[in-house]
Amino acid sequence: MQDVQFHRPGSVRDAIAALRAAPAGRFLAGGQSLIPMLKLELAVPSDLVSVAHLAELKGVRSERGALVIGAATPHAEVAASDVVRRALPALAALAGGIGDAQVRNRGTLGGSIAHADPAADYPAALVALAATVVTDRRELAADQFFRGLYETALEPAELVREVRFPLPERAGWAKFPQPASKFALAGAFVAKAASGVRVALTGVGSAPLRARAFEDALAKDFRLAALEKVSLPSAGITDNRDASAAYRAHLAGVMVRRALAAALA
Ligand SMILES: Cc1cc2nc3c(=O)[nH]c(=O)nc-3n(C[C@H](O)[C@H](O)[C@H](O)COP(=O)(O)OP(=O)(O)OC[C@H]3O[C@@H](n4cnc5c(N)ncnc54)[C@H](O)[C@@H]3O)c2cc1C
């Protein structure tokens, strides 16, 4: 690892100023993705600007039909939050199934979505719930936020402040984890709202994928029976040593059915 300047700013404003002044800086939240990248020299930043301790970026609150979660809120806090469990239990379940205890205690919502791992859990929830990512300078719909493999719409030195999740009528989450990493081989988030049904998959492509055939079927009839003849084609689905495209596509269909069952429970 090369030498890195470490900053511990006292506010969001100072964090952004520190990153803007750095030649090749990165925000550091829980470090659960960035520190391994540093060790492997997949990222070689000049400066690390810590945001994990900033109270402005932490916490959960209810707000006019939505749940708002601060970017630096650790997964464990989301999983244990009474507010989340009551308002959006599927999201609490998702956060409680991320990685292991250390990852959940250190890793954050903002870090997860900014990193945009193709098998991460939160991105599917953001897309299925039509969430809004609030940054230091604008608001981005989840559909616009995730651009591809480890790629988002964030600009240099743009900080995720919080995510606003509109509350659905019903929602459910299911994932089949890779046994060693706990990342999804396939995961599905199903949400039914007044505006319609959205089904988002993770682990099957370079970014969260809307499963339109499942959405269309569930929009007509939000019951398991509606999915009897619906499947995900394996063309274009991730195919690697962990799972073939055909296996992953089948698994994704199973995860949609399990997520729907959870939503209906
Ligand atoms: C063993 C292991 C198992 C895991 N299993 C899972 C799993 O099952 N499911 C899952 O979804 N994830 C899993 N993860 C990833 C985990 O969720 C990480 O916590 C997450 O990907 C990154 O969050 P972080 O807070 O640690 O971010 P960091 O590692 O600190 O940062 C990641 C990236 O986000 C940027 N960043 C951080 N905060 C912000 C912000 N507020 N605004 C803008 N950019 C920001 C950083 O600059 C960096 O580029 C696992 C990780 C490990 C190590």
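Both counts, for ligands and for their atoms, begin at 1 and track the order of listing.
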Can you hop from [X] to [Y] via hydrophobic side chains spaced under 4.5 Å?
X	Y	result
Ile113	Leu91	yes
Val256	Val230	yes
Leu159	Leu34	no

Considering heavy atoms of the protein only, find what lies nearest to [atom] and give residue, atom and distance to 0.1 Å.
atom	value
atom 24 (P) of ligand 1	Gly30 N, 3.5 Å
atom 52 (C) of ligand 1	Val103 CG2, 3.5 Å
atom 46 (C) of ligand 1	Phe27 O, 3.0 Å
atom 37 (C) of ligand 1	Gly111 CA, 3.5 Å
atom 19 (O) of ligand 1	Gly107 CA, 3.1 Å
atom 17 (O) of ligand 1	His75 NE2, 3.0 Å
atom 29 (O) of ligand 1	Leu34 N, 2.7 Å
atom 15 (C) of ligand 1	Phe183 CZ, 3.5 Å

Inset, instruction - Between Ser181 and ligand 1, find which residue part has any heavy-atom pair under 4.0 Å and reply side chain, backbone, both or neither. - result: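 For Ser181, only backbone atoms sit under 4.0 Å from ligand 1.
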Please identify which atoms of ligand 1 are closer than 4.0 Å to at least one heavy atom of [X].
X	answer
Ser33	15 (C), 18 (C), 20 (C), 21 (O), 22 (C), 26 (O), 29 (O)
Leu159	40 (C), 41 (N), 42 (N)
Ala71	41 (N)
Gly99	3 (C), 4 (C), 5 (N), 6 (C), 7 (C), 8 (O)
Lys175	7 (C), 8 (O), 9 (N)
Glu158	43 (C)
Lys182	7 (C), 8 (O)
Ala29	25 (O), 27 (O), 30 (O), 37 (C), 38 (N)

Test of proximity, [X] against ligand 1: N or O pairs below 3.5 Å:
X	value
Tyr122	no
Val160	yes
Arg26	yes
Gly31	yes

Inset, instruction - Dump the intermediate steps for salt bridge (Lys or Arg N to Asp or Glu O under 4.0 Å) on Lys182 and Asp100, then the final yes or no. - result: CA-CA 8 Å; Lys182 309 293 187 225; Asp100 52 32; over 6 Å; no
Legend entry - More than 12 heavy atoms of other groups within 6.0 Å of Arg104 CZ: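 Enclosed.
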Inset, instruction - Flag the pair Leu260 / Leu224 as yes when at least one side-chain heavy-atom distance between them is below 4.5 Å, and no otherwise. - result: yes
Inset, instruction - Taking the side chain as every heavy atom from C-beta outward, state whether Leu67 and Ser62 have any atom pair closer than 4.5 Å. - result: yes
Inset, instruction - Scan for ring pair (Phe, Tyr, Trp, His ring centres under 6.0 Å) pairs involving residues 22-76, sequence neighbours excluded, and state none if there are none. - result: His75-Tyr122
Can you check which of [options] brings a heavy atom nearest to [atom]?
atom	options	value
atom 18 (C) of ligand 1	Gln32, His115, Gln102, Met37	Gln32
atom 36 (N) of ligand 1	Ala114, Pro36, Ala180	Ala114
atom 10 (C) of ligand 1	Leu94, Leu109, Ile98	Ile98

State whether [X] and [Y] are salt-bridged, where the test is any N-O pair (Lys NZ or Arg NE/NH1/NH2 against Asp/Glu carboxylate O) under 4.0 Å.
X	Y	value
Arg61	Glu162	yes
Glu215	Arg198	no
Arg8	Asp14	no
Lys58	Glu77	no

Legend entry - Check against side-chain hydrogen bond (donor to acceptor under 3.5 Å, both in side chains), Thr132 and Glu139: CA-CA 6 Å; Thr132 301; Glu139 298 195 353; 5.3 Å; no
Inset, instruction - For Asp121 and Ala184, work out which heavy atoms get closest and say how close. - result: OD1-CB, 4.2 Å
